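Each remark here refers to the structure printed beneath this line.
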Amino acid sequence: MKNAVRKMHPVQRLGWVTLVSVLLLSLGVAWDNWGDQLGAPADHKAVSAQATEAQIAQGRYLSLAGNCMACHSTRGGTPFAGGRRIDTPFGGVYSSNLTPDPETGLGRWTPQDFWQAMHRGRSKDGRLLAPAFPYNHTSVISRNDSDAIFAWLNTLTPVVQAQPAHTLVWPVGTQPALAVWRSLFFEPSPFQADPAHSAEWNRGAYLVQGLGHCAACHSPRNALGASGAVNDLSGGLMPVVNWYAPDLTRDTESGLASTPLPEIMRLLRTGASSTAQTSGPMGEVVQHSLQHLTEADLQAMAVYLQSRAQSTPQPAPKAATPARISLQVATQGSKVYERQCLQCHGEQGAGVTTASGEVAYPALAGNRAVLLSDPTNLVQLVLYGGYGPATQGHPRPFGMPPAVLALDDRDIAAVLTHLRTRWGNQASEVTPLQVNRIRAAQGH
């Protein structure tokens, strides 16, 4: 048999592989559906009808913890009606309608169907879902929490809005290709409490690894778009949006190991602390999700994250070699800083605080974000501005205007090099080519 396949023409071989993949896919659908039925309630519709107020309230809270609305709503559209385009390196994926409309939403779904999507990444009909939906993380959550989310979604007003067809390049979006991808990179990961840690630590782990899906951003992705394990927080560049998600286990990047627990909680709840501020994608997570969590859950997440950072061996600090900057770059950077930055961040990069002690404009001297080896976030902030989330605990954050039209690539590279090499900062030079690549990736 092996020799026969080896002698086939490449096109025949591709057809053979596709046929085998389809057969495996069909068997997998049947096996998964049978396996899911073993633990399913006897009457799903009855379970849905008997949803208690407490279960519905819990479902609403969990949907906030998972930031579900962010992806399942178009800008200015009806919340949870889907249709939002999510760009990937392989094309566009459109989010599904989560309202209980029977034709275009979840109206004909049962709790078991919803659990199959959350736990196994399969639609009601067994179709494999695109991994833009982070089902590796939703597979972490418990059946009770899945049922609670489904119960709450069924209380929403039904909206007729069909899901647009994905625009993924062939064959990425095909079922056989997804089956192969899943065989390599996906296995349901139901949460297992670690008896070596406290209940609070385990609650934090459950939220971070599951609904929080932190590793979806804070872990590197390979060439096929797969992220690390659900507990991989080692940082990485977020494709398409072009932001760098810091390594949460390395204190030089996140500060989690050395920051007091109340300040970590404050950052998660408000988007700003005494030493850090959130912006970009993380700012959106704080605004739409984290600020709505209970103090107990925020503390649990902070305990878990700090524990991960403190238990990770930290590399010995290297003696930084001062960047060798040309006189032309140094002069240009200084001039741009004086013109664009000095008024808010100060002559010595010390930043500005309000009368109440809140950080208005962060210090640049010793700033971890300034010193990251990857300058992507700095370039993004200068190009498109830096705006923290508006939260109940920080309703009027200060911001930085965009300079995408005011500064060219050489100006931005020079001023960022200035920030990274002054006031005791010792980081690498930023080049105009780096700035140009990020600007071009964003279409500007």
Side-chain angles (χ1 to χ4, degrees), residues 67 70-71 74-75 84-95 130-134 164 166-170 172-173 213-228 232 234-247 253 277-285 329 332-333 336 340-341 367-389 399-420 427-444:
N67 199 18
C71 287
T74 58
R75 295 189 184 278
R84 180 167 182 173
R85 179 184 170 96
I86 301 165
D87 288 313
T88 78
F90 312 101
V93 174
Y94 289 88
S95 59
F133 170 47
H166 301 328
T167 57
L168 296 167
V169 297
W170 189 90
V172 172
H213 58 285
C214 301
C217 293
H218 288 276
S219 71
R221 290 184 179 268
N222 63 25
L224 294 178
S227 60
D232 183 351
S234 60
L237 186 67
M238 300 168 63
V240 181
V241 295
N242 288 306
W243 282 84
Y244 175 75
D247 183 345
E253 293 197 10
Q277 290 183 315
T278 61
S279 189
M282 187 60 195
E284 295 180 13
V285 171
V329 170
Q332 184 179 9
V336 175
Q340 301 284 144
C341 317
N367 190 309
R368 289 187 299 272
V370 172
L371 297 172
L372 282 174
S373 58
D374 187 328
T376 296
N377 294 355
L378 289 179
V379 176
Q380 288 272 34
L381 288 169
V382 174
L383 283 174
Y384 308 111
Y387 297 93
M400 183 176 78
V404 63
L405 300 179
L407 301 177
D408 63 22
D409 295 344
R410 292 183 182 278
D411 288 334
I412 294 173
V415 74
L416 292 182
T417 297
H418 180 80
L419 306 184
R420 289 160 65 85
S428 60
E429 179 182 4
V430 179
T431 68
L433 180 59
Q434 289 174 300
V435 177
N436 181 262
R437 283 175 175 171
I438 296 171
R439 188 194 292 262
Q442 301 300 111
H444 297 285

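This one's a predicted model, so the numbers in the text were calculated from it and none came from an experiment.
Minimum interatomic distance between Ser428 and Ser373 (heavy atoms only, all atoms of both residues): OG-O, 4.3 Å. Across every non-hydrogen atom of Leu371 and Ala427, the tightest pair is CD2-CB, 4.1 Å. Between Arg420 and Val370, the shortest heavy-atom distance links the atoms NH1-O, 2.8 Å. In this structure, Pro375 and Gln434 approach most closely via the heavy-atom pair CG-NE2, 3.9 Å. Shortest non-hydrogen contact noted between Asp411 and Val336 is OD1-CG2, 4.0 Å. Minimum interatomic distance between Ser95 and Cys71 (heavy atoms only, all atoms of both residues): OG-O, 2.7 Å.
Rounded to the nearest 0.5 Å, atoms CD1 (Ile412) and OG1 (Thr417) are 11.5 Å apart. Atom CG of Asn436 is separated from atom CG of Asp409 by 4.5 Å, given to the nearest 0.5 angstrom.
Listed for the Asn377 side chain is a donor-acceptor partner under 3.5 Å among the backbone atoms of Tyr244. Without hydrogens or angle criteria, Gln380 side chain to Val241 main chain gives a donor-acceptor distance under 3.5 Å. Judged by distance alone, the side chain of His166 and the main-chain N or O of Tyr94 form a donor-acceptor pair under 3.5 Å. Put simply, the side chain of Arg221 gets close to the backbone of Ala216: a donor and an acceptor are under 3.5 Å apart. Using a distance-only test at 3.5 Å, with no hydrogens or angles considered, no donor-acceptor pair links the side chain of Glu253 to the main chain of Pro246. The main-chain N or O of Gly92 is found under 3.5 Å from a side-chain atom of Thr167 such that the two form a donor-acceptor pair. Without hydrogens or angle criteria, Arg439 side chain to Val379 main chain gives no donor-acceptor distance under 3.5 Å.
Residues Cys217 and Met238 meet the side-chain proximity criterion, which asks for heavy atoms closer than 4.5 Å. At a threshold of 4.5 Å between non-hydrogen side-chain atoms, the residues Leu378 and Val430 do not count as touching. Within the 4.5 Å cutoff, side-chain heavy atoms of Pro220 are placed close to those of Asp232. For the pair Ser279/Leu381, a side-chain contact is recorded, criterion being any heavy-atom separation below 4.5 Å from C-beta on. When side chains are defined from C-beta on, Glu429 counts as touching Val329, because their heavy atoms get closer than 4.5 Å. Inter-residue side-chain proximity for Glu284 and Pro389 is flagged as unmet; no heavy-atom pair is nearer than 4.5 Å.
Within 6.0 Å of CZ in Arg410 there are 12 or fewer heavy atoms belonging to other residues, nucleotides or ligands.
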